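Fair warning: this is a prediction, and the values are worked out from it, not measured in the lab.
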2 protein chains.
Amino acid sequence: MAGKEGNLPAAMRLGHDHARCIEEAMTLAAELCARRGARLTELRRAVLEFVWQSHAPLGAYAILDMLSAEGRKPMPPTVYRALDFLLQQKLIHRIASLNAYIGCIDPGRPHSGQHLICRLCGTVAEVDEEAISGAIAASARDLQFSVEHQTVEVTGICVNCVPD
Amino acid sequence: MAGKEGNLPAAMRLGHDHARCIEEAMTLAAELCARRGARLTELRRAVLEFVWQSHAPLGAYAILDMLSAEGRKPMPPTVYRALDFLLQQKLIHRIASLNAYIGCIDPGRPHSGQHLICRLCGTVAEVDEEAISGAIAASARDLQFSVEHQTVEVTGICVNCVPD
DNA sequence: AATTAGTACGTTATAATATAACATAATCAC
DNA sequence: GTGATTATGTTATATTATAACGTACTAATT
Ligand SMILES: [Zn+2]
Ligand SMILES: [Zn+2]
Ligand SMILES: [Zn+2]
Ligand SMILES: [Zn+2]
């Protein structure tokens, strides 16, 4: 039978090849922006790459500090504008309960993802469960509520942070 | 057949008796706190009543202004402490995507509610759909993720704000 | 009633997150 | 190349939230 990491999202597989996560995300971002005629400038690229440095979401001011350490000395609006661009292109998601930003695992396909947030290690895994988004859509339909956006943030302890 | 307001939550029924919403919420809060040995002080009572003034969530600084207009001149920590108490007692919920606070419609019963947020009128309706919370719980179980809290915030247009 | 422990509130200062407004520079369309 | 558009730089400020410490109130104990 499969081990406990069998079907987990990459974010929750400890030994996964994260360099590949980053590379794939950056390549896909470039492709999508090119296809859409959106300009993935050097600054925006750098911000996206910082966001992808780990599977824990990054705050705007943490990004600011990382850019500063790189030699650029941007001010907050610069960072927030880059984040706004990446949000519009759906290359990142904002985690409202953390005021922080994380890379989208499937920016090429429209989806309403759900985020599982580990309170201990900070890892956030994005999943896209039709059962969840469908249940929300059905409930909204009952109430004649026209849905524009679903935010689902689940806080708890991930498999790597609980005793077996 | 029932009208469009047939089974809607109170928040979305335009003509509902909101004075009764407030009264019931305050009465229940007093009962619950008494039962729990928690002190619903005059300040906490006032904050809870302000939060219940409408079905649109209220920011901490709006509450601060309302308390100021009443003659008290509290500073931010005072308001945040009252909000923390009300959150601990589960008399209110925090709406993360709005940085604002709203009364819980069923504080006596443990639940993980979902919030429908109308982008136009600001109304927030709390529902508790087992289909949603169950789908989230099931998905988390698959990932061996131990859930502590679910945040579900659905943004869109409520029935009173869409053309028929 | 005085003592004491615990809780709630007051007060000052500051942290953390985010945006408004306007100037300059880079890029694109023609 | 010229002008329009888009992106970034820059200054200032708004908004949300908390740290730290002091005082006052409450409740139980003697
Ligand atoms: Zn990875
Ligand atoms: Zn996504
Ligand atoms: Zn009401
Ligand atoms: Zn509730």
Side-chain angles (χ1 to χ4, degrees), chain A residues 29-30 33-51 56-68 70-89 91-102 117 122 151 153, chain B residues 29-30 33-51 56-68 70-89 91-102 117 122 151 153:
Chain A
C33 286
R35 192 181 310 169
R36 295 167 181 167
R39 288 161 59 188
L40 186 62
T41 62
E42 192 41 43
L43 173 70
R44 290 162 174 175
R45 230 196 87 83
V47 170
L48 180 60
E49 197 154 5
F50 282 133
V51 167
L58 211 51
Y61 282 75
I63 295 167
L64 194 66
D65 291 344
M66 290 166 124
L67 289 167
S68 290
E70 254 199 349
R72 314 173 197 245
K73 306 284 184 190
M75 303 301 284
T78 299
V79 172
Y80 279 102
R81 280 185 297 227
L83 289 170
D84 286 345
F85 171 86
L86 297 171
L87 286 168
Q88 277 166 28
Q89 297 298 323
L91 297 170
I92 61 173
H93 295 289
R94 181 169 192 273
I95 305 297
S97 55
L98 298 177
N99 296 327
Y101 305 83
I102 192 162
I117 306 168
T151 296
E153 295 174 12
Chain B
C33 287
R35 192 180 309 168
R36 296 168 183 167
R39 288 160 61 186
L40 186 62
T41 62
E42 191 41 41
L43 173 71
R44 290 162 174 176
R45 228 196 88 84
V47 170
L48 181 59
E49 197 154 3
F50 280 132
V51 167
L58 212 51
Y61 282 75
I63 294 167
L64 194 68
D65 291 345
M66 291 165 124
L67 289 166
S68 290
E70 254 199 347
R72 316 172 195 245
K73 306 284 184 190
M75 302 301 284
T78 300
V79 172
Y80 279 101
R81 282 187 293 228
L83 289 169
D84 286 345
F85 171 85
L86 297 171
L87 287 168
Q88 276 167 28
Q89 296 299 322
L91 297 170
I92 62 174
H93 294 289
R94 180 168 193 273
I95 305 298
S97 56
L98 298 176
N99 297 327
Y101 305 83
I102 192 163
I117 304 168
T151 297
E153 296 175 11

**Message:** How close do B:Ala46 and B:Leu67 get, counting heavy atoms only, and between which atoms?
**Reply:** CB-CD2, 4.2 Å
**Request:** Return the minimal non-hydrogen interatomic distance between A:Ser68 and A:Pro74, and the atom names on each side.
**Result:** OG-CD, 4.2 Å
**Message:** Quick check: do B:Leu83 and B:Ile63 have side-chain heavy atoms less than 4.5 Å from each other?
**Reply:** yes
**Message:** Could you check whether any side-chain heavy atom of A:Leu91 comes within less than 4.5 Å of a side-chain heavy atom of A:Val51, counting everything from C-beta outward?
**Reply:** no
**Complete:** Taken to the nearest whole Å, CG/B:Asp84 to P/D:dA19 is 10 Å
**Five-pair end axes of the helix from C:dA1-D:dT30 to C:dC30-D:dG1, angle between them (10°)** = 30°
**Request:** May I ask you to verify if any side-chain N or O of B:Arg39 is less than 4.0 angstrom from the OP1 or OP2 atom of D:dC25?
**Result:** no
**Request:** Among residues two or more places apart or on two chains, list those pairs meeting side chain to side chain donor-acceptor pair (under 3.5 Å) that have a residue in residues 71-83 of chain A.
**Result:** A:Glu70-A:Arg72
**Fill in**
At a 4.0 Å cut-off to heavy atoms of chain B, the contacted part of DNA chain C spans C:dT7 to C:dT12
**Request:** Take A:Arg94 and A:Asn99, measure what side chain to side chain contact (heavy atoms under 4.5 Å, CB included) needs, and give me the verdict at the end.
**Result:** CA-CA 7 Å; A:Arg94 181 169 192 273; A:Asn99 296 327; 2.9 Å; yes
**Asked** Quick one: side chain to side chain contact (heavy atoms under 4.5 Å, CB included) partners of B:Gln88, sequence neighbours excluded?
**Response** none
**Prompt:** What string of B, S and - do you get for nucleotides 9-16 of chain D, 5' to 3', if B is base contact, S is sugar-phosphate-only contact and - is no contact with any protein heavy atom under 4.0 Å?
**Reply:** BBB----B
**Asked** Between B:Glu153 and B:Ile117, is there a donor-acceptor pair closer than 3.5 Å when you use the side chain of the first and the backbone of the second?
**Response** no
**Request:** To the nearest 0.5 Å, tell me how far B:Asp84 CG sits from B:Ile92 CD1.
**Result:** 8.5 Å
Counting only pairs under 3.5 Å, give me each side-chain donor-acceptor contact of residues 36-43 of chain B, with atom names and distances, residues two or more places apart or in other chains.
from: B:Arg36; atom 1: NH1; to: B:Gln89; atom 2: O; distance (Å): 2.8
from: B:Arg36; atom 1: NH1; to: B:Gln89; atom 2: OE1; distance (Å): 3.0
from: B:Thr41; atom 1: OG1; to: B:Arg44; atom 2: N; distance (Å): 3.3

